[in-house]
Amino acid sequence: MATPTPLSVEDVLRVNGSRRFAAAMAAASPFASLADALLAARRIWLNEVDVNGWLEAFAAHPAIGTTSPSVSKWSKEEQSAALSTATDSTAQELAEWNARYREKFGFVFMICASGRSAPEVLSELKRRYTNRPIVELENAAQEELKITELRLAKLFSSEPTVPSHPTEHPTIQSDKAADRIRIIGAHLGALPQPCANKAPEITGSSNRSRPPITTHVLDVARGSPASGIEVHLEMWKDISAPPSFNKKDFNGWATLGTSVTNNDGRSGQLTDIVDNIAPGFYRMSFNTSKYAPAGFFPYVSIIFEIKENQTAEHFHVPLLHSPFSFTTYRGS
């Protein structure tokens with residue numbers, strides 16, 4: 001979309017299966033850029049779409065590992081890494097855990113699978129199975145948002161768009177929707193109780209399946225993931241004083257890890273996989289000068305703070321970049 005073009009509801013339904021989301025995005029269009037569309041999508045998804053809309057969007061996705069001909073091209077592309085790395089035993093275990101997850105939570109396991117291997121997806125599924133349903137509903141919504149962002153980038157790309165598939169966004173029958181709302185509603189109003197069907201123990205030194213700090217980069221000018229960008233993650237080690245706007249001495253930063261974004265715009269591992277990350281100030285820097293030599297920003301650095309009560313949380317710090325602008329936010 002080189003020029004601002006209104007989005008139809010059908011266009012948006014290829015990106016996200018919630019009809020309320022699609023109608024709101026279509027009404028908010030046209031967008032001057034992908035960055036504008038992404039900001040609108042985040043606002044609408046998190047602030048205007050209710051639980052019914054979330055569940056409708058979840059239902060438009062096939063279970064991870066599904067190889068049915070009815071699966072859309074975009075879903076196949078997003079799951080390609082998982083499918084290509086799945087052995088027969090892993091595929092079987094993934095199918096069993098998908099069914100167990102849906103039985104507990106009432107909706108399909110949602111994960112932005114782009115670039116993730118089958119063992120990684122399975123590990124994350126097992127880890128999240130132990131969550132309280134109210135927590136998992138939020139996790140699923142955040143994963144849907146990530147998928148929505150990637151698909152919006154594809155929709156705005158200069159490449160020919162793929163035709164929509166009639167089974168990609170099926171209409172939810174009222175009885176199935178009611179069942180899912182009933183499950184979620186019961187969980188939202190209930191006190192936390194031990195799960196009767198305890199999940200099998202997950203081995204390893206950490207309950208996480210990925211590092212506590214991750215990132216990806218989207219090229220909003222091209223409407224595609226940005227590959228080949230060098231990423232550095234540092235932590236502030238000067239205990240005498242925290243970094244601040246008025247403190248221009250940056251000698252207190254110590255490097256934790258470096259990586260380069262892959263074809264999906266994702267960086268490799270920047271920190272150890274630990275249950276609790278150290279609280280403090282972190283700086284993530286992106287070498288944008290090599291990626292966009294004619295751009296305005298030679299590099300981009302994002303400084304953020306992880307507080308004492310947040311050490312068990314996940315911090316996804318994406319960069320939405322163009323030669324003359326950038327934005328970021330805290331994901332999950």
Side-chain angles (χ1 to χ4, degrees), residues 1 14-16 31 33-39 41-42 45 73-85 110-117 120-121 124 142-159 161-162 209-233 257-271 282-302 304 314-332:
M1 296 184 181
R14 293 170 51 208
V15 170
N16 182 301
F31 302 104
S33 67
L34 172 59
D36 290 340
L38 292 173
L39 289 174
R42 186 171 185 82
W45 178 249
K73 181 179 179 180
W74 279 357
S75 290
K76 290 178 181 178
E77 290 174 352
E78 291 155 3
Q79 295 190 27
S80 60
L83 291 174
S84 65
T85 57
M110 291 298 305
I111 186 170
C112 185
S114 181
R116 295 189 176 188
S117 67
E120 184 180 358
V121 170
E124 183 70 0
Q142 291 288 350
E143 292 298 316
E144 174 67 42
L145 180 58
K146 295 176 187 177
I147 296 169
T148 299
E149 290 174 339
L150 289 176
R151 291 185 176 186
L152 276 173
K154 293 178 181 178
L155 191 64
F156 271 70
S157 70
S158 59
E159 298 177 357
T161 56
V162 296
S209 63
R210 52 181 173 168
I213 299 176
T214 56
T215 187
H216 75 271
V217 184
L218 283 178
D219 185 331
V220 296
R222 297 180 180 178
S224 63
S227 63
I229 293 183
E230 185 179 2
V231 184
H232 288 194
L233 179 64
T258 63
S259 182
V260 176
T261 57
N262 62 16
N263 290 336
D264 292 310
R266 296 180 180 273
S267 77
Q269 186 170 322
L270 296 171
T271 67
Y282 291 82
R283 179 170 69 178
M284 188 175 292
S285 300
F286 304 83
N287 188 356
T288 53
S289 63
K290 290 185 178 180
Y291 181 81
F296 186 66
F297 306 100
Y299 67 92
V300 173
S301 286
I302 301 167
F304 55 97
H314 182 78
F315 297 86
H316 188 67
V317 187
L319 177 68
L320 312 181
H321 177 265
S322 80
F324 302 103
S325 69
F326 68 86
T327 57
T328 187
Y329 58 87
R330 189 226 158 152
S332 64

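Since the structure is predicted, the reported quantities are computational estimates derived from the model, not experimental observations. Only heavy atoms go into these numbers, but all of them, side chains included; no hydrogens, no water, no symmetry mates.
- For the atom pair OG of Ser325 and CZ of Phe296, the computed distance is 11.0 Å after rounding to the nearest 0.5 Å.
- No side-chain donor from either of Ser285 and Asn287 sits under 3.5 Å from a side-chain acceptor of the other.
- Between Thr214 and Arg266, every side-chain heavy-atom pair lies at or beyond the 4.5 Å cut-off.
- In this structure, Tyr282 OH and Leu270 CG are separated by 12.0 Å, a value rounded to the nearest 0.5 Å.
- Counting heavy atoms from C-beta outward, Arg42 and Tyr329 have side chains that approach closer than 4.5 Å.
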Checklist entry - Is there a side-chain hydrogen bond (donor to acceptor under 3.5 Å, both in side chains) between His232 and Thr258 once you walk through the steps? => result CA-CA 4 Å; His232 288 194; Thr258 63; 5.1 Å; no
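- The minimum heavy-atom distance linking Asn263 with Ser227 is given by the pair CA-CB, 3.8 Å.
- To the nearest 0.5 Å, atoms NE2 (His321) and CZ (Phe297) are separated by 7.0 Å.
- Proximity of Ile213 to Met284: side-chain heavy atoms (C-beta onward) are separated by under 4.5 Å at one or more points.
- The shortest heavy-atom contact between Ser259 and Ser267 is OG-C, 3.7 Å.
- Using the six-membered ring where Trp is involved, Phe304 and Phe315 have ring planes that are parallel, under 30° apart on the 30 and 60° scheme.
- Rounding to the nearest 0.5 angstrom, the gap separating the CZ atom in Phe156 from the CG atom in Asp36 is 8.5 Å.
- Under the side chain to side chain contact (heavy atoms under 4.5 Å, CB included) rule, Leu218 has a single partner from Leu152, Leu319, Leu150, Thr327, which is Leu150.
- Here the closest heavy-atom approach between residue Leu155 and residue Arg14 is recorded as CD1-NH1, 3.6 Å.
- His314 places a side-chain N or O within 3.5 Å of a backbone atom of Pro211 that can act as its donor or acceptor partner.
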Exercise for review: Run the numbers on Val217 and Phe286 for side-chain contact (heavy atoms from CB on, under 4.5 Å), then give the verdict.
Suggested key: CA-CA 9 Å; Val217 184; Phe286 304 83; 3.8 Å; yes
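- Here CZ of Arg210 is found 8.0 Å from CD of Glu120. Values are rounded to the nearest 0.5 Å.
- Nearest heavy atoms, Val317 versus Thr215: O-OG1, 2.5 Å.
- Across all their heavy atoms, Leu145 and Ala41 have their closest contact at CD1-O, 4.4 Å.
- Nearest heavy-atom pair, Thr261 versus Ala226, reported as atom, atom and distance to 0.1 Å: OG1-O, 2.9 Å.
- A salt bridge is absent between Lys146 and Glu149: the closest approach of a Lys/Arg side-chain nitrogen to an acidic carboxylate oxygen does not fall below 4.0 angstrom.
- Rounding to the nearest 0.5 Å gives a distance of 11.0 Å between OG1 of Thr288 and CD of Glu230.
- The aromatic rings of His316 and His216 sit parallel to each other, their planes meeting at less than 30°, with 60° as the upper class boundary.
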